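These notes concern the structure reproduced below.
Because only heavy atoms are used, hydrogens play no part in the values below, and waters and symmetry mates are left out as well, while side chains stay in. Labels below follow one simple rule: chain letters A, B, ... track the order of the sequence lines, proteins then strands, and each chain is numbered from 1. As the structure is a prediction and not an experimental result, all values here were calculated from the model.
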Amino acid sequence: MSELTKLTLKAALDGLKSKSFSSVEITRAHIAAVEAARPLNAFVLETPDKALEMAAAADARIASGDAGRLEGAPLGIKDLFCTKGVRSTACSRILGNFVPEYESTVTANLFDDGAVMLGKLNLDEFAMGSSNETSAFGNVINPWKSASGGNKALTPGGSSGGSAAAVAADLCLGATATDTGGSIRQPAAFTGTVGIKPTYGRCSRWGIVAFASSLDQAGPIAKTVEDAAILLTSMAGHDPRDSTSLDVETPDWAPYVGRSVKGLRIGVPKEYRVDGMPAEIEKLWQDGIDWLKEAGAEIVEVSLPHTKYALPAYYIVAPAEASSNLARYDGMRYGFRAEGGNLTEIYENTRAEGFGQEVKRRILIGTYVLSAGYYDAYYLKAQKVRRRIADDFDQAWQTCDALLTPTAPSAAFALGERNADPIAMYLNDVFTVTTNLAGLPSISVPAGLDSGGLPLGLQVIGRALDEGTVFSVAGALEKAAGFRAKAERWW
Amino acid sequence: MTNAFTLKGRTGDWEIVLGLEVHAQVASNSKLFSGAAVGFGAGPNEQVSLVDAAMPGMLPVLNKYCVEQAVRTGLGLKAQINLKSRFDRKNYFYPDLPQGYQISQFEFPIVGEGEVIVDRIDGTSFTVRIERLHLEQDAGKSIHDLDPKATYVDLNRSGTALMEIVSKPDMRSPEDAAAYVKKLRAILITLGTCDGDMEKGNLRADVNVSVCRPGDYEKFRETGSFSHLGTRCEIKNVNSYRFIQQAINVEARRQIEILEDGGKVDQETRLYDPTKNETRSMRSKEEAHDYRYFPDPDLLPLVLDPAWVKEIEAGLPELPDAKKARLMADYGLSAYDASVLISDGEVAAFFEEAAKGRDAKLVANWTLNDLLGRLGKDGLEITASPISAADIGALVGLIEDGTISGKIARTVFEHMWDGEGAPAAIVEKHGLVQITDTGAIETAVDALIAANPDKAAAVKEKPQAIGWFVGQVMKETGGKANPAAVNEILKAKLGL
Amino acid sequence: MAIDAATVRKVARLARIAEPEERIEPLVQELNGILQWIEQLAEVDTDGVEPLTSVVHATLTLRDDVVTDGGDAARVLSNAPKSTDGFYVVPKVVE
Ligand SMILES: [Mg+2]
Ligand SMILES: [Zn+2]
């Protein structure tokens, strides 16, 4: 493989700017890598022609001196983002060959800054899953293999499994992703990549297929903290077409990476020390604490007493919103339509055949918790618990500036290993889901390897709109951890 | 309160109880949550945005003008304006409901309780309490008759802003229900928040009908407990005053029949079929609707700036009730005339224009009886009247200064209707000037008495027989003699 | 609040998802498992707690009433499974 695919986004942008290589060259290198990596099943649609066309246009802009922030950089796009003229499916059969007549705000922002699209990335169907096993296009395979687990294919995590695998395997310089309960951070942790979910409202949701509107937030998966900062700066911004988009200025976050954490107070929430947490994760967490202490931060213990209720609350709120958000997939105006004897049968067959098992399960739960007589006991209760969880964080900010936790309770597991028990699968998000409920920015940084040589991540959580501090702390962790490991190429 | 409308049954008397949910389309340029145009007559799906078609990832953004119109309407209904309200999703599947849910306001509507004072034809009035007004999206249109095997869907109407105005069950007769809608329509038109076009469905009513025994309704009003009332059925989308009344009548009859046969009325949604004059159930009974309302997570709470509400209030036009009071006070009109005038803001404006410096009662008569009658015959609105307000005023002016009699005025009016121009010119052209020259009248009277000495003698015994003499003089003068002058001269010459 | 087979059928109907008879019992088990786990929320004291519907500390911004979209039926019909003369064509609706 070409050395060009091994570059970080930052290094590639520098090389493009200094004309060390062209966008067409680096794009070609990535197209070849994508083709060679088909066994990973990270891409559900490759768009090499479009990529080369965009790359040529980028080169022209570089030549004429009006290059954008991401000019010429080839990226992968999660197939939850609607891309104009390019099939967008949310990895569900129900969308069939849906080709949007519009471009999502986030991808439009990236392309306006000169980014090149290599294709659309695999994900759990409608972003519902933590292992990328619910996609209509099949599983994504983690580029990493465990030294102790035989040659078993591992999950890249989910739902942004395609984005994480593609970045980890050097198929793109960075990727878009989305996070409703941990779908950026858990796959990042499972693949040794960096993933940030910004403050709710930073990135426009316009043009992103909705899963749970009050929780969904886009963000990047990247090779380094700095790359993540560069990408997020481009993706974020106020969008009047999304009523929940925040009308605030978007900082340039790259300079925050490398900033000293001296004097920052880092909270360690005691409730994240859950039963049965592997010793390796516990150890990694302690490493992180030590690194930040050494870097001059002050470590404080904090309490987030309602942490254990976050997942159950999430599994009311998210399915409830999803049950309604996914009602539009009815086979009437676009997508797949099944046969049936009458209208109701056609609705029922379309949705039975069009949706996969996990999506249907969540729609049924969501429908149930909103139905007459149960709303107060479930939905309203969950919204109140959600307030308690948000209040916990507000309380914590009295004594600290950022929080440090593990990203996930385990390293990547084998595909097929946790499918039988939905709750066991849901528990993957136990450390990440709290910040979706509270709308806070949080990042996963690769910080070490487990005994099988699989990457593990640490999570940094910040105050609302304080991505700057999150990037600074993440940068300090990245530097201290000195994580350089890459998956050995087997594909 | 007047006596409730009573229906006779086999087992005794029944009364009806009516509550209305009126859907009024906001007269906006674009839709409630999208930038597609609102209008009538465009080609299918030509006024549809990606949001209206519920494409994946599309999001609603609220139209400020629609919010303003809801507030204006709320103020016009003397209602509570809720500075904080919220949008909820009402979930159900239907091919003309692209999102699979309607964005509406369930728990926290933008407008709370208010009232409407409704005038009856007999000059009495009653109050209908308003429960709430909320903003919501309209659905698209399903067309069933273009293809025997398929339904065609046009989403042009999808997402159009509606104000749903919900009354309390305060109407007790079909006429009262129609009068309420009429009054509500006048208020909306005056405010300019809805064009009130019922034919296009821009104003339509869902009528809740139940029946009860005499006395039950009063118990309900005393206690507020619906247990005193019968089970109600909702008749959907009735869009004319006539159909509202017919639908109520047949539905009440249907319910009474069920109850008198020992049955039970099922709470359900029904449809009125005017061709068969019957109501029928709209959805199969086993499928109870469960709309799973919940706050729309795509939208934040709607919070109104009190200063903005004040500003809207300051800009309100004169409302029908205030106008009615003013018309009665300033022009000395009867309550009935005033309420007919305000039922249509255009008519009231016409009247006021015509009445400038004239005898207001005469102008009201000419406007309400002659002109509206004539317009009605041709199915015309007052805005399309071939006779201007100024000309009606001029016509009354000619009567007032004695140039023509009321009778001649009718002739002049016909010429005006035919477009012959200003009344003075018509009078001139057709020689219709009234004879007020007493000399000419005296000559005629003298001749008449001389020719009919016996009748002149008889009238002394029977003074009411003077009518014959008046008629003869008028005939003699081609109707142009001033009747007052004729009377006076006759009385003098006959020695009455 | 355990879910039974009838509830699963009712909910599947509301959600317009055909669930074959042989899936009903497994769904009863799955959904009850999830709901039982969810019910630990009952432990949380939420008396007097205002439900949180949005984490955004802002209120709705409003747009001006101008026409900015529409006027292109082909654009909204481009992905339709079936359309004719500018209409979406859907299965016969019997009211
Ligand atoms: Mg209603
Ligand atoms: Zn309504």
- Query: What do the steps show when you test A:Leu364 against C:Glu19 for side-chain contact (heavy atoms from CB on, under 4.5 Å), and what is the final call?
  - Reply: CA-CA 11 Å; A:Leu364 293 181; C:Glu19 288 292 0; 3.9 Å; yes
- CD1 of A:Ile365 to CD1 of C:Ile3: how many Å apart, nearest 0.5 Å? 7.5 Å
- If you take all heavy atoms of A:Ala352 and C:Ala18, which pair is closest and at what distance? CB-O, 3.3 Å
- Query: Do you know the tightest heavy-atom contact between C:Lys92 and A:Leu343?
  - Reply: O-CB, 4.0 Å
- Contact part of C:Val8 toward chain A, heavy-atom cut-off under 4.5 Å: side chain, backbone, both or neither? neither
- Side chain, backbone, both or neither of A:Arg337 within contact of chain C (heavy atoms, under 4.5 Å): side chain
- Task: Answer with side chain, backbone, both or neither: which region of A:Ile423 has an atom nearer than 4.5 Å to a non-hydrogen atom of chain C?
- Result: side chain
- Query: With a 4.5 angstrom heavy-atom cut-off, which part of C:Ser83 approaches chain A: side chain, backbone, both or neither?
  - Reply: neither
- Message: Taking CD in A:Glu249 as the centre, count heavy atoms belonging to other residues, nucleotides or ligands within less than 6.0 Å. Is the count above 12?
- Response: no
- Query: Any idea which of C:Ile34, C:Leu60, C:Thr61, C:Leu31 has the most non-hydrogen atom pairs under 4.5 angstrom with chain A?
  - Reply: C:Ile34
- Note on the structure: Bottom line for A:Tyr314: the part with an atom under 4.5 Å from chain C's heavy atoms is neither
- Query: By a 4.5 Å heavy-atom criterion (distance strictly below it), what part of A:Leu311 contacts chain C: side chain, backbone, both, or neither?
  - Reply: both
- Query: What part of A:Glu339 is in contact with chain C, defined as an atom under 4.5 angstrom from a non-hydrogen atom: side chain, backbone, both or neither?
  - Reply: neither
- Atom pair CD1/CD of C:Ile17 and A:Glu348 - distance to nearest 0.5 Å: 9.0 Å
- Item | Under 4.5 Å from any heavy atom of chain A - which part of C:Ala12 | both
- Heavy-atom closest pair, residues C:Pro81 and A:Gly335: CG-O, 3.7 Å
- chain C: which of A:Val99, A:Asp391, A:Thr199 shares the most heavy-atom pairs with it under 4.5 Å? A:Val99
- Task: Can you tell which part of A:Asn97 gets under 4.5 Å to a heavy atom of chain C, answering side chain, backbone, both or neither?
- Result: backbone
- Item | Residue part contacting chain C, namely of A:Ala438, when any heavy atom lies under 4.5 Å | backbone
- Inter-residue atom distance A:Arg386.CZ - C:Ser54.OG, 0.5 Å rounding: 7.5 Å
- Task: With a 4.5 angstrom heavy-atom cut-off, could you sort out which part of C:Glu30 is near chain A: side chain, backbone, both or neither?
- Result: side chain
- Query: A:Ile316 versus C:Leu41: any side-chain heavy-atom pair under 4.5 Å?
  - Reply: yes
- Query: Hey, does C:Arg13 have a side-chain heavy atom less than 4.5 Å from the side chain of A:Thr344?
  - Reply: yes
- Look at A:Ala313, A:Pro422, A:Gly201 and state which one has the largest set of heavy-atom pairs under 4.5 Å with chain C. A:Ala313
- Query: Looking at C:Val56, C:Val44, C:Leu62, which one has more heavy-atom pairs under 4.5 Å with chain A than the rest?
  - Reply: C:Val44
- In terms of heavy-atom contacts, A:Tyr378 and C:Glu39 come closest through OH-OE2, 2.6 Å
- Message: I'd like to know which of A:Tyr334, A:Phe355, A:Tyr309 tops the heavy-atom pair count under 4.5 Å against chain C.
- Response: A:Tyr309
- When you measure from the side chain of A:Arg388 to the backbone N and O of C:Thr46, does any donor-acceptor pair fall under 3.5 Å? no
- Taken to the nearest 0.5 Å, the spacing of C:Asp47 CG from A:Lys384 NZ works out to 7.5 Å
- Item | Spatial distance of atom NE2 (A:His306) from atom CD (C:Glu43) [nearest 0.5 Å] | 10.5 Å
- Query: C:Asn79 side chain to A:Arg333 main-chain N or O, any donor-acceptor pair under 3.5 Å?
  - Reply: no
- Output the option from C:Glu50, C:Arg23, C:Lys82 having the highest count of non-hydrogen pairs under 4.5 Å with chain A. C:Glu50
- Nearest heavy-atom contact between C:Pro51 and A:Arg387 is O-NH2, 3.2 Å
- Message: Given C:Val11, which partner from the list A:Thr367, A:Val369, A:Leu370 fulfils the side-chain contact (heavy atoms from CB on, under 4.5 Å) test?
- Response: A:Thr367
- Message: Testing the basics here: between A:Leu437 and C:Val55, what is the closest heavy-atom pair and its distance to 0.1 Å?
- Response: O-CG1, 3.2 Å
